Amino acid sequence: PELSVERAMNLAANQDVVVICVGEENYTEKPGDIRSLRLPDGQYELVVGLRKASPDVKIVLAYFGGRPRLLADIEPLVDAVFLGFLPGPLAGEALVDLLTGRANPSAKLPI
C-alpha cells in the first residue's frame with residue numbers, strides 16, 4: 001500500500017527519529033531508463049513534507065540505488081544521509097543493524 005505524504009507527516013509528528021528510504025528498484029538499473037539524476041518528485045516531496053511538519057524530528061535519509069543521484073536539494077533537509085547502494089533482500093535488516101550500532105559500516109566501496 002502506498003503511503004501518502006499527509007499520512008507520513010501525521011505518523012512522524014510524535015517521533016524522535018524518522019528513517020526515509022528513497023531510491024529505485026533494482027530492475028530499473030539500466031542505461032537510459034531515467035532522464036534526470038534527481039530523485040523522483042514524490043520522494044522529494046515526502047522529505048520536504050516531513051521536514052515542514054516535524055522540524056524537530058531527526059530525519060535519516062537512506063538512499064538505495066546503483067548510480068549517482070543529485071541530493072543537493074534534499075541534503076539540507078535531513079540530519080544524516082546513508083548510502084546503501086543495491087543491498088538485496090536483506091536491506092531493511094542491514095539498515096537497522098547499521099543505524100543501531102549492531103554492525104559496523106565497514107564496506108569496500110565500489111566508487
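Given the structure is predicted, the values throughout are model-derived calculations rather than measurements. What you see below is based on every heavy atom in this structure, not just the backbone, and it leaves out hydrogens, waters and symmetry mates.
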Give, for atom [atom1] of [X] and atom [atom2] of [Y], the distance between the pair rounded to the nearest 0.5 Å.
X	Y	atom1	atom2	result
L95	F64	CG	CZ	4.5 Å
K52	E45	NZ	CD	10.0 Å
I74	I59	CD1	CD1	10.5 Å
S4	N10	OG	CG	8.0 Å
F85	L83	CZ	CG	4.0 Å

Are side-chain heavy atoms of [X] and [Y] found at a separation under 4.5 Å?
X	Y	value
L46	I20	yes
L71	L39	yes
F82	V19	no
M9	V5	yes

Legend entry - Residue pairs involving residues 80-89 (criterion side chain to side chain donor-acceptor pair (under 3.5 Å); sequence neighbours excluded): none
Inset, instruction - Look at atom CZ of R69 and say whether more than 12 heavy atoms of other residues, nucleotides or ligands are closer to it than 6.0 Å. - result: yes
Inset, instruction - Determine which pairs satisfy salt bridge (charged side-chain N to carboxylate O under 4.0 Å, His left out) with at least one residue from residues 91-106, sequence neighbours left out, and list them in order. - result: D97-R102
Legend entry - Qualifying residue for side-chain contact (heavy atoms from CB on, under 4.5 Å) with V60, from L99, V78, D79: L99
Legend entry - S54 side chain vs D56 backbone, donor-acceptor pair below 3.5 Å: no
Legend entry - R38 side-chain N/O to L70 backbone N/O, donor-acceptor pair under 3.5 Å: no
